[in-house]
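Whatever order the structure lists them in is the order used to number ligands and atoms, beginning at 1.
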Amino acid sequence: MNPFSPSDSIRSWGGVLKAPHHVARPGWRSELSRLVLSGRQQGYRLLACGLRRSYGDSGLNPHEGLIDMTGLDRMITLDPATRRIRVEAGASFDAILQVIVRQGLFLPVTPGTRFVTVGGAIANDVHGKNHHRHGTIGRWVRRLGLLRSDGLELDLAPDDPSGLFQATIGGLGLTGVITWAEIELMPIASAMMDVENIPFGKLDEFFTLAADSEDAFDYTVSWIDCLSGGERLGRGIFTRGNHAGTGSILPDRGNTLLTMPVNLPGLAMNRYSISAFNALYVWNGRRKSGTARTGLHPFFYPLDSIGRWNRMYGRNGMYQYQSVVPAAVQKEATHDMLKAISASGQGSFLAVLKTFGDVASPGLLSFPAPGTTLALDFPNRGDVTLKLMGRLDAIVREAGGRLYPAKDGRMSAAMFQAGYPAWQEFAKYVDAGFSSHFWKRVSQI
Ligand SMILES: Cc1cc2nc3c(=O)[nH]c(=O)nc-3n(C[C@H](O)[C@H](O)[C@H](O)COP(=O)(O)OP(=O)(O)OC[C@H]3O[C@@H](n4cnc5c(N)ncnc54)[C@H](O)[C@@H]3O)c2cc1C
C-alpha cells in the first residue's frame, strides 16, 4: 500500500500559502526507512513536518512528499539523575511538559507556543525568552537520530566530525528526517513563575530595561504598540521573570479557553481595531504593573489559550516578520523599523521585542545573533503589506541583520543569502532527496 496520499489543502500557519502535497503519517519509527524509500521511488522529494506552527513556507513542499511526524510522539527514556529525556521527534513540548514539570524539570528553551514538536523545534533551532541565558534549543540537544534519503539512520552528537549535526540544528528539515532526540532538561523548584511587568513610554526605555534586567532575570520579553508614533514610538510593556524558588510543583492546566471556529472576516483586523486593542493592552499593563506570581502557561504560552488564533486574520491570512539586527546598531535600526510601521498604519497587536544575548547558536543556519529581535504579524493586504515588508528588509539588510526562516514566506534569495553567509556551506549537507518551498526559493543564485 502506498503510504503517501494526496492532500489538496496543506496551509502554512500564517494562512497565506496553500498547496497540494503527498502526505504520509507514520505511526512507528520502524516504518520510516521503508516510507522514505517508497517516497523516493515514486519520485517525490521529501520533507518532514511537525505541528506546522511555522508561519510561511519552510514546512511546505508543494507537489512533493510530506512526512507528518506527529504520530511518532513516544517518550523513550527519562533519567532524572542526568536530566536527560529521549523522545521521538513528533513528541510535542506540551506532552513533554506534562511529564517533566512534576519531576522538577523544565525545557531549557521553549518558544512562545507549546504546540511544537521536538523535530520542528530542532529544525528551526528555536529560541525563547531566556535566549540571553540559554541560547537556542540546539545547545541542549545531546544526540539525535537522522534518517537520510538512502534509508540509513545516523546517530549524531554535538562532536560529530562530519558537520551533519551542526547542519541539522536549524537545518529546516533539509538534511533528513530527525527521528528522535535526546535533550538535557533544566531543574526547577516549583511550577510557578515570579514575574514583573513594567510599562515603558518609548523605545530608549526598552533598551535600558533590557540592559538592567539581563543579569538578574532568566526571562525577558516585551510587547510593544507598533502603531503609536512620535513621542510614544516604541511604547510597551516589559516583562521579566524567574522560576519561583517555592510553590507547587504541579503545573497549571493551561487549557485552551476559546477556539476560533472559523476564519474571521478580513475586515476584523484593521488599523482601528488593532489601535483599540493596543490602547487597551497598554492600559491593562499599567493597571497590572508590578510583581506577581503566575503559573507556567500564562507566562510562557499566553497565545495558546486561544485555539487556532491565526484564524483571526481571516481568509487572506497574515505574514509574520521577525528580524534580528546587530547590537551595535540595534537602537537606530529598531527605531527606523518602528517608524516605518507606524507611518504605514499597518501592524498587529502581536508585536514582540527582545534582546538576544551572545550565547553562540550551534546550527549553521541558526537565526539568533547578538542584538535585538522584533517580531510582528501583518494582516495580509496584498501589495501594501509586501511593500512595507520590503522597506523593513532594506533597514534590516543595511543594519547587517537577518530574518527568521520559521516565520518567513516571502524574503528574496538575496536577502536570505546576505543574512546567512554560511548558506553555501550548509547547502553541502542538504540531502538531495529532500526539498522545501522555502529552500527552492532562497537558494537560487
Ligand atoms: C504562537 C507562536 C509562537 C512562537 N514563538 C516562537 C518563539 O518564541 N521562538 C521561536 O524560535 N519560534 C517561535 N515560533 C515558531 C515555532 O516555534 C517554530 O516554527 C517551530 O519550529 C514549529 O514546530 P513544529 O513542530 O510546528 O514544526 P513545523 O512548523 O511543522 O516544521 C518546522 C520545520 O521543521 C522541519 N521539521 C519538522 N519536523 C521535523 C523532523 N522530525 N525532522 C526534520 N525536520 C523536521 C520542517 O521541515 C520545517 O522546516 C512560534 C510559533 C507560534 C505559532
Side-chain angles (χ1 to χ4, degrees), residues 10-15 21 26 29 32 36 45-61 64-73 87-95 107 109-131 135-138 144-148 153 167-181 219 221 300-310 318 320 322 324 350 352 354 356 361 363 365-368 373 375 377 404-409 430-431 434-439:
I10 300 287
R11 244 185 135 135
S12 62
W13 182 253
H21 287 74
R29 263 183 296 150
L32 268 175
V36 161
R45 285 204 276 168
L46 304 168
L47 187 69
C49 74
L51 282 161
R52 303 219 316 268
R53 288 315 198 264
S54 299
Y55 286 69
D57 57 354
S58 61
L60 298 183
N61 199 18
E64 307 271 8
L66 196 62
I67 305 175
D68 175 344
M69 294 290 288
T70 53
L72 299 178
D73 59 353
V87 290
E88 291 184 340
S92 70
F93 278 22
D94 181 47
L107 292 160
V109 171
T110 175
T113 172
R114 63 194 194 276
F115 299 119
V116 298
T117 61
V118 166
I122 295 173
N124 274 323
D125 199 14
V126 298
H127 57 271
K129 299 178 177 73
N130 60 348
H131 181 272
T136 59
I137 191 75
L144 59 81
L146 184 72
L147 180 64
R148 305 276 283 176
E153 188 174 354
T168 299
I169 304 290
L172 303 169
L174 296 162
T175 60
V177 180
I178 300 166
T179 51
W180 57 268
Y219 300 94
V221 72
F300 287 102
Y301 312 115
L303 263 183
D304 288 347
S305 58
I306 308 173
R308 296 302 309 264
W309 58 265
N310 51 345
M318 46 89 170
Q320 158 104 182
Q322 183 167 0
V324 59
L350 293 173
V352 173
K354 156 141 191 79
F356 281 150
S361 301
L365 280 197
S366 294
F367 161 70
T373 183
D377 295 345
Y404 190 8
K407 308 286 180 85
D408 178 69
V430 172
D431 185 319
F434 285 76
S435 67
S436 73
H437 193 264
F438 176 84
W439 185 243

Run the side-chain contact (heavy atoms from CB on, under 4.5 Å) check on Ile10 and Asn61 step by step: do they pass?
-> CA-CA 9 Å; Ile10 300 287; Asn61 199 18; over 6 Å; no
Decide side-chain contact (heavy atoms from CB on, under 4.5 Å) for Gln322 and Phe367; before the verdict, give the C-alpha distance in whole Å, the side-chain angles of both, and the deciding distance to 0.1 Å.
-> CA-CA 10 Å; Gln322 183 167 0; Phe367 161 70; 3.7 Å; yes
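Close N/O approach between Asn124 and ligand 1 is found [any backbone or side-chain N/O within under 3.5 Å]. For ligand 1, one of its N or O atoms has an N or O atom of Ala48 under 3.5 Å away. In terms of N/O distances under 3.5 Å, ligand 1 is approached by Gly50. The shortest N or O to N or O distance between Thr113 and ligand 1 is not under 3.5 Å. Looking at ligand 1, you'll find an N or O of Leu172 within less than 3.5 Å of one of its N or O atoms.
Here is the list of ligand 1 atoms found below 4.0 Å of a heavy atom in Leu47: 47 (O). Listed by number with element, the atoms of ligand 1 under 4.0 angstrom from any heavy atom of Arg52 are 24 (P), 26 (O), 28 (P), 29 (O), 30 (O). The contact set between ligand 1 and Ala123, taken as ligand atoms under 4.0 Å from a residue heavy atom, comprises 34 (O), 35 (C), 36 (N), 44 (N), 45 (C). Distances below 4.0 Å separate heavy atoms of Met69 from the following atoms of ligand 1: 41 (N). Every atom of ligand 1 is numbered from 1 in the order shown, and the set under 4.0 Å from a heavy atom of Trp13 is 53 (C). Per-residue contacts place Leu303 under 4.0 angstrom from the following atoms of ligand 1 (heavy atoms of the residue considered): 1 (C). Of all atoms in ligand 1, listed by their number and element, those nearer than 4.0 Å to a heavy atom of Val177 are 42 (N).
Pairing each heavy atom of Asp57 with each of Ser436, the nearest pair is O-CB, 4.5 Å. Nearest approach of Ala89 to Thr117, heavy atoms of both residues: O-CB, 3.4 Å. Thr179 approaches Met69 most closely through the heavy-atom pair CA-CE, 4.4 Å. The two residues Thr136 and Pro368 make their nearest non-hydrogen contact at CG2-CG, 3.5 Å. Pairing each heavy atom of Gly128 with each of Lys354, the nearest pair is O-CE, 3.6 Å.
With a 4.0 Å heavy-atom cut-off, ligand 1 is reached by the backbone of Arg53 and by its side chain too. Using a 4.0 Å cut-off between heavy atoms, Ile178 contacts ligand 1 through both its backbone and its side chain.
Heavy-atom distances between Tyr404 and ligand 1 reach below 4.0 Å in at least one pair. The shortest heavy-atom distance from Gly176 to ligand 1 is under 4.0 Å. Using a 4.0 Å heavy-atom cutoff, Lys407 is listed among the residues neighbouring ligand 1. Heavy-atom distances between Tyr301 and ligand 1 stay at or above 4.0 Å for every pair.
Annotation: the span from Asp431 atom CG to Leu174 atom CG amounts to 9.5 Å, rounded to 0.5 Å. How far CZ of Phe93 is from CG of Leu51: 10.5 Å, rounded to the nearest 0.5 Å. Between the CG atom in Leu107 and the CG atom in Asn130 there is a gap of 10.5 Å [rounded to 0.5 Å].
For atom 24 (P) of ligand 1, the nearest non-hydrogen atom of the protein is Leu51 N, 3.5 Å. Looking at atom 13 (C) of ligand 1, its nearest protein heavy atom turns out to be Pro111 CB, 3.6 Å. The nearest heavy-atom contact from the protein to atom 44 (N) of ligand 1 is Gly173 CA, 3.3 Å. Residue, atom and distance of the protein heavy atom nearest to atom 22 (C) of ligand 1 are Val116 CG1, 3.5 Å. The closest protein non-hydrogen atom to atom 9 (N) of ligand 1 is His127 O, 2.8 Å.
Taking the six-membered ring for Trp and thresholds of 30 and 60 degrees, Tyr219 and Phe300 have ring planes more than 60 degrees apart, a perpendicular arrangement.
When atom types are taken as modelled, the side chain of Ser58 and the backbone of Leu172 share no donor-acceptor pair closer than 3.5 angstrom. Side-chain atoms of Arg52 never come within 3.5 Å of backbone atoms of Trp13 as a donor-acceptor pair (strictly under, hydrogens ignored). Glu64 places a side-chain N or O within 3.5 Å of a backbone atom of Arg45 that can act as its donor or acceptor partner.
Atom 4 (C) of ligand 1 has its nearest heavy-atom neighbour, among Gly171, Gly112, Ala89, in Gly112. Checking Ser58, Gly120, Gly145 against atom 27 (O) of ligand 1, the nearest heavy atom belongs to Gly120. Atom 29 (O) of ligand 1 has its nearest heavy-atom neighbour, among Gly56, Ser54, Cys49, Gly90, in Ser54.
Residues Phe115 and Tyr301 place their aromatic rings such that the two centres sit no closer than 6.0 Å.
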